[in-house]
Q: 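Sharing a structure below in structure tokens format, with a few things to ask.
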Amino acid sequence: MERLQKYLSECGVASRRKCEEIIFNKKVKVNGKIVSELGYKVNSTDHVTVEDIEVKKKEKEYYILYKPEKVICSVKDDKNRTTVIDFINTSEKIFPVGRLDYDTSGLLLLTNDGELSNMLTHPSHKIEKKYLAKIDGIISPKDIYMLENGIMLDGVKTKKSKAKIQKIDKKNNKSFVELTITEGRNHQVKNMFGTLGYKVLKLKRTNYDFLTLKNLSIGQSRKLTIKEVKKLYNNAKEKSL
């Protein structure tokens, strides 16, 4: 027996938190009856549907994608724009782990494993994400210190991060800064720089935990190895302690 939201996420419906919303919205039926309780438990013999479509557990898949700019980080788009799913060759119902902005490129994970997705995106697991930002202006050591020790965003201070100047282009008044964070707030990196008065001109995620973009070109993807998946699980568990 397992909780309904966990079962749905393991069926590849969506992340566990998204599955909770689906349950709250009364879109789930178990053995023909609507269930809107998060604590409800199901087993392998139960008939579970989402919007009257049966869902069953499927083999889990894991991908790393070098997301291009101007691509929607979503399963589908009502404006028929290109989404990250368009770059993955699979018949399984996968979804992105977290998100990258439309104009942000770089490393993105996609899977139908809701349990892993939930672990990787929850702040308590402290998974590091590294970004390379090209900003307008010459950043000061004081502002690097501010980035590392927390920026107030919407009344809440960001957690400590790592910031490192990669390059200063004095001629064009630009800076290239590597920023590593463990949170995933909406537009967080851009807003952190913006609060300090810098506009982010280009942004790329280069690392997700131990994973990198090595041997991938823009728009390319590959499956994660079993060893990599196990390491992601283990790291998420260890860093939450």
Q: Go through the steps for Lys134 and Lys204 under the test side-chain contact (heavy atoms from CB on, under 4.5 Å), then give the verdict.
A: CA-CA 9 Å; Lys134 177 183 179 182; Lys204 179 171 76 171; over 6 Å; no
Q: I'd like to check Val189 versus Thr104 (side-chain heavy atoms, cut-off strictly below 4.5 Å). Are they in contact?
A: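 Contact flag for Val189/Thr104 side chains = no.
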Q: If you round to the nearest 0.5 Å, how far is NZ of Lys67 from CZ of Arg99?
A: 9.0 Å
Q: What's the spacing between Leu203 CG and Ser105 OG if we round to 0.5 Å?
A: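 Those atoms lie 7.5 Å apart.
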Q: Heavy atoms, side chains only, cut-off 4.5 Å: are Lys190 and Asp103 in contact?
A: yes
Q: Are the side chains of Val35 and Val48 in touch, meaning some heavy atoms are under 4.5 Å apart?
A: no
Q: Report yes or no: do Leu109 and Ile88 belong to one cluster of Ile/Leu/Val/Met/Phe/Trp/Tyr joined by side chain heavy-atom distances under 4.5 Å?
A: no
Q: Backbone N or O of Glu61 within a donor-acceptor pair of the Thr111 side chain at under 3.5 Å?
A: yes
Q: With a 3.5 Å distance limit and no angle check, can you tell me whether Asn25 reaches the backbone of Lys27 through a side-chain donor-acceptor pair?
A: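 Side chain of Asn25 to backbone of Lys27, a donor-acceptor pair under 3.5 Å: no, none is there.
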Q: With side chains defined as the heavy atoms from C-beta onward, is the minimum distance between Ser15 and Thr121 less than 4.5 Å?
A: no
Q: Could you see if Leu110 belongs to whatever hydrophobic cluster contains Leu224? Use Ile, Leu, Val, Met, Phe, Trp, Tyr and a side-chain cutoff under 4.5 Å.
A: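 No.
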Q: With rounding to the nearest 0.5 Å, note down the distance linking CE in Met192 to CE in Met152.
A: 12.5 Å
Q: Do the non-hydrogen side-chain atoms of Leu38 and Arg3 ever get within less than 4.5 Å of each other?
A: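 Not touching, per the 4.5 Å side-chain cut-off.
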Q: Closest heavy-atom contact between Ile138 and Lys170?
A: CD1-CA, 4.1 Å
Q: Between the main-chain N or O of Tyr7 and the side-chain N or O of Lys57, is there a donor-acceptor pair closer than 3.5 Å?
A: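 No: the side chain of Lys57 does not pair with the backbone of Tyr7.
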Q: Does the pair Asp136 and Lys174 meet the rule for a salt bridge (charged side-chain N to carboxylate O under 4.0 Å, His left out), with working shown?
A: CA-CA 5 Å; Asp136 193 17; Lys174 304 289 186 291; 3.6 Å; yes
Q: Quick one: CD1 on Ile151 to CG on Asp143, what's the gap to the nearest 0.5 Å?
A: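 Interatomic distance, Ile151 CD1 to Asp143 CG, rounded to 0.5 Å: 7.5 Å.
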Q: Can you find a pair of side-chain heavy atoms, one from Val75 and one from Thr83, that are under 4.5 Å apart?
A: no
Q: Apply side-chain contact (heavy atoms from CB on, under 4.5 Å) to Asn118 and Ser9, showing your working.
A: CA-CA 9 Å; Asn118 186 64; Ser9 68; over 6 Å; no
Q: Do other residues, nucleotides or ligands put more than 12 heavy atoms under 6.0 Å from Lys60 NZ?
A: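 More than 12 heavy atoms, drawn from other residues, nucleotides or ligands, come within 6.0 Å of this atom.
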Q: Take Arg17 and Glu20, measure what salt bridge (charged side-chain N to carboxylate O under 4.0 Å, His left out) needs, and give me the verdict at the end.
A: CA-CA 5 Å; Arg17 277 181 278 181; Glu20 289 176 353; over 6 Å; no
Q: Do other residues, nucleotides or ligands put more than 12 heavy atoms under 6.0 Å from Glu54 CD?
A: yes
Q: Clusters formed by hydrophobic residues whose side-chain heavy atoms approach within less than 4.5 Å: which one holds Tyr102, and what are its other members?
A: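 Taking Ile, Leu, Val, Met, Phe, Trp and Tyr as members, Tyr102 shares its hydrophobic cluster with Ile72.
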Q: Is Leu120 reachable from Tyr63 through a run of hydrophobic residues whose side-chain heavy atoms are each under 4.5 Å from the next?
A: no
Q: Suppose the criterion is side-chain hydrogen bond (donor to acceptor under 3.5 Å, both in side chains): which pairs have a residue in residues 37-48, not counting sequence neighbours?
A: Asn31-Asp46, Asn43-Thr45
Q: Give me the other members of the hydrophobic cluster that Leu201 sits in, counting Ile, Leu, Val, Met, Phe, Trp and Tyr linked by side-chain heavy atoms under 4.5 Å, directly or via other members.
A: none
Q: Can I get a per-line list of side-chain donor-acceptor pairs under 3.5 Å for residues 215-222, giving both atom names and the distance, sequence neighbours left out?
A:
| unit_1 | atom_1 | unit_2 | atom_2 | d |
| --- | --- | --- | --- | --- |
| Gln220 | OE1 | Ser217 | N | 2.8 |
| Arg222 | NH1 | Glu228 | OE1 | 3.0 |
| Arg222 | NH2 | Glu228 | OE2 | 2.9 |

Q: Using the side-chain hydrogen bond (donor to acceptor under 3.5 Å, both in side chains) rule, collect all pairs that involve residues 154-165, keeping only residues at least two apart or in two chains.
A: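 Those involving residues 154-165 are Glu128-Lys162.
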Q: Could you give the distance from CD (Glu21) to CD (Gln5), rounded to the nearest 0.5 Å?
A: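 It is 12.0 Å, given to the nearest 0.5 Å.
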Q: Answer yes if Val13 and Leu4 sit in the same cluster of Ile, Leu, Val, Met, Phe, Trp and Tyr residues linked by side chain heavy atoms under 4.5 Å apart, and no otherwise.
A: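 Per the 4.5 Å side-chain linkage, Val13 and Leu4 are co-clustered.
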Q: If we ignore hydrogens and angles and just use 3.5 Å, is the side chain of Ser175 paired with the main-chain N or O of Gly137 as donor and acceptor?
A: yes
Q: Between Asn112 and Cys11, is any pair of side-chain heavy atoms under 4.5 Å apart?
A: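 Not in contact.
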Q: Roughly how far, to the nearest 0.5 Å, is CG of Leu116 from CD of Glu10?
A: 11.0 Å
Q: Lys129 side chain to Ile127 main-chain N or O, any donor-acceptor pair under 3.5 Å?
A: yes
Q: Do the non-hydrogen side-chain atoms of Val97 and Ser117 ever get within less than 4.5 Å of each other?
A: yes
Q: Identify the two heavy atoms, one from Ser74 and one from Ile85, that lie closest to each other, and give their separation to 0.1 Å.
A: O-CG1, 3.6 Å
Q: Tell me whether Asn172 at atom CG has more than 12 heavy atoms from other residues, nucleotides or ligands lying less than 6.0 Å away.
A: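 Correct, the count exceeds 12.
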Q: Show me, pair by pair, the donor-acceptor contacts under 3.5 angstrom made by side chains of residues 205-213, not counting sequence neighbours?
A:
| unit_1 | atom_1 | unit_2 | atom_2 | d |
| --- | --- | --- | --- | --- |
| Arg205 | NE | Tyr131 | OH | 3.3 |
| Arg205 | NH1 | Leu107 | O | 2.9 |
| Arg205 | NH2 | Tyr131 | OH | 3.2 |
| Thr206 | OG1 | Lys130 | O | 3.4 |
| Asp209 | OD1 | Lys239 | NZ | 2.7 |
| Asp209 | OD2 | Asn235 | ND2 | 2.8 |
| Thr212 | OG1 | Lys214 | N | 3.3 |

Q: Could you please spell out the steps behind the side-chain contact (heavy atoms from CB on, under 4.5 Å) verdict for Ile144 and Val177?
A: CA-CA 9 Å; Ile144 290 292; Val177 182; 4.0 Å; yes
Q: Would Ile139 and Phe176 show up in the same hydrophobic cluster when neighbours are defined by side-chain heavy atoms closer than 4.5 Å?
A: no
